[in-house]
Student: 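One structure is given below, represented as structure tokens, and several questions about it will come after.
Values below: every heavy atom of this structure, side chains too, minus hydrogens, waters and symmetry copies.
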Amino acid sequence: MAISPPSDLVLDVVKAADPMEVQAAQEKLKANRAAFAATSLAENGKGFSNTVDVLDHVGQKSGLANVQNRTKTEEVPESYRKFEAMVLQNFVKSMLPSESEEVYGKGATGDIWKGMMAEQLGNTMAKGDGIGIAKQMYSEQLRRQEGKIVNASTDDDDRNTALSMIDDFQRKTFGTPTAEAKTDRTG
């Protein structure tokens, strides 16, 4: 049986150490490894900030970066715009690549970064006229409300019709003679 003094000494020290201290040391090693990986990605131009810079540059080049320069044709309430932003966020998130650990990171943190990127893209797309979801929903709501407006002015024919309907209802419900029947008996 061969003895490897350096590794045996390390194992003996680890076995003798406090388990909490060993766990803390392992966590520090993991954190250092993650920091080194993030630094090396950034140095190679594959980090998150580099991706955002590339997107900003492409947006400025295409003229899409400044959403505020668009003209507003109709003022749509903010709630409709937020709904459109949420829909767009879901679309964008489903379209982002699933194998994007180099850009966003691994695990839950990567998912959070990816979700934040989708949220910002959705909000930006919904500004101005968006893609038309908010405007369409708002105009549909206005169209529905226009149908509910009733003309409240009446003329004598409408009034007489309403009174005769009330008399007819009272006669059927209570068995009372109508106003016309009362005048027939007395006159």
Side-chain angles (χ1 to χ4, degrees), residues 2-141:
I3 298 176
S4 178
S7 63
D8 286 346
L9 288 175
V10 170
L11 286 176
D12 287 342
V13 169
V14 169
K15 288 179 183 175
D18 182 26
M20 297 302 285
E21 290 180 16
V22 171
Q23 186 177 7
Q26 288 173 343
E27 293 298 322
K28 285 181 183 178
L29 287 173
K30 287 179 185 177
N32 287 340
R33 191 177 324 141
F36 175 74
T39 304
S40 64
L41 283 174
E43 288 173 356
N44 293 332
K46 296 181 180 177
F48 183 76
S49 63
N50 186 53
T51 303
V52 171
D53 291 342
V54 168
L55 290 174
D56 285 343
H57 179 69
V58 169
Q60 290 171 353
K61 206 172 185 182
S62 65
L64 298 174
N66 190 0
V67 177
Q68 284 74 24
N69 67 1
R70 299 179 189 169
T71 59
K72 290 187 178 181
T73 56
E74 183 181 355
E75 190 61 36
V76 177
E78 187 65 23
S79 58
Y80 291 96
R81 292 201 187 285
K82 286 181 181 179
F83 178 77
E84 181 173 2
M86 183 194 65
V87 169
L88 289 171
Q89 174 188 344
N90 289 332
F91 285 157
V92 168
K93 191 171 184 178
S94 69
M95 289 188 288
L96 290 174
S98 59
E99 298 297 322
S100 57
E101 293 175 351
E102 291 180 353
V103 177
Y104 302 111
K106 294 181 180 180
T109 306
D111 290 340
I112 291 171
W113 280 110
K114 189 175 176 181
M116 290 171 65
M117 174 69 93
E119 179 181 1
Q120 290 303 314
L121 289 171
N123 288 339
T124 302
M125 290 170 60
K127 287 182 182 176
D129 287 338
I131 62 170
I133 296 173
K135 189 174 180 180
Q136 178 69 30
M137 289 177 59
Y138 183 59
S139 63
E140 195 67 32
Q141 182 65 24

Student: Could you pull out all residues at least two apart from Glu21 that satisfy salt bridge (charged side-chain N to carboxylate O under 4.0 Å, His left out)?
Tutor: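 Scan of Glu21 (salt bridge (charged side-chain N to carboxylate O under 4.0 Å, His left out), adjacent residues dropped) gives none.
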Student: Check Lys93 against Lys114 and note the closest heavy-atom contact, atom names and distance.
Tutor: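 Between these two residues, the closest heavy atoms are O-CE, 4.2 Å.
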Student: Report the residues that fulfil side chain to side chain contact (heavy atoms under 4.5 Å, CB included) with Phe91, sequence neighbours left out, ordered by chain and then residue number.
Tutor: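 If we apply the side chain to side chain contact (heavy atoms under 4.5 Å, CB included) test to Phe91, skipping adjacent residues, the hits are Val87, Leu88, Met95.
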Student: Which pair of non-hydrogen atoms, one from Tyr138 and one from Glu75, has the smallest distance, and what is that distance?
Tutor: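 In this case the closest contact between Tyr138 and Glu75 is CE2-O, 3.7 Å.
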Student: Give every donor-acceptor pair under 3.5 Å between a side-chain atom in residues 115-123 and any protein atom, sequence neighbours left out.
Tutor:
residue : atom : partner : partner atom : Å
Asn123  : ND2  : Glu119  : O            : 3.4

Student: State whether the side chain of Glu84 and the backbone N or O of Ala126 hold a donor-acceptor pair below 3.5 Å, judged by distance alone.
Tutor: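 Pair absent, no side-chain N/O of Glu84 close to backbone of Ala126.
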Student: Nearest 0.5 Å, what's the CD-CD1 distance between Gln136 and Ile133?
Tutor: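 Result: 10.0 Å between the selected atoms.
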Student: Taking only residues two or more places apart in sequence, or in another chain, which ones meet Gln23 in a side-chain hydrogen bond (donor to acceptor under 3.5 Å, both in side chains)?
Tutor: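 Applying side-chain hydrogen bond (donor to acceptor under 3.5 Å, both in side chains) to Gln23 gives none.
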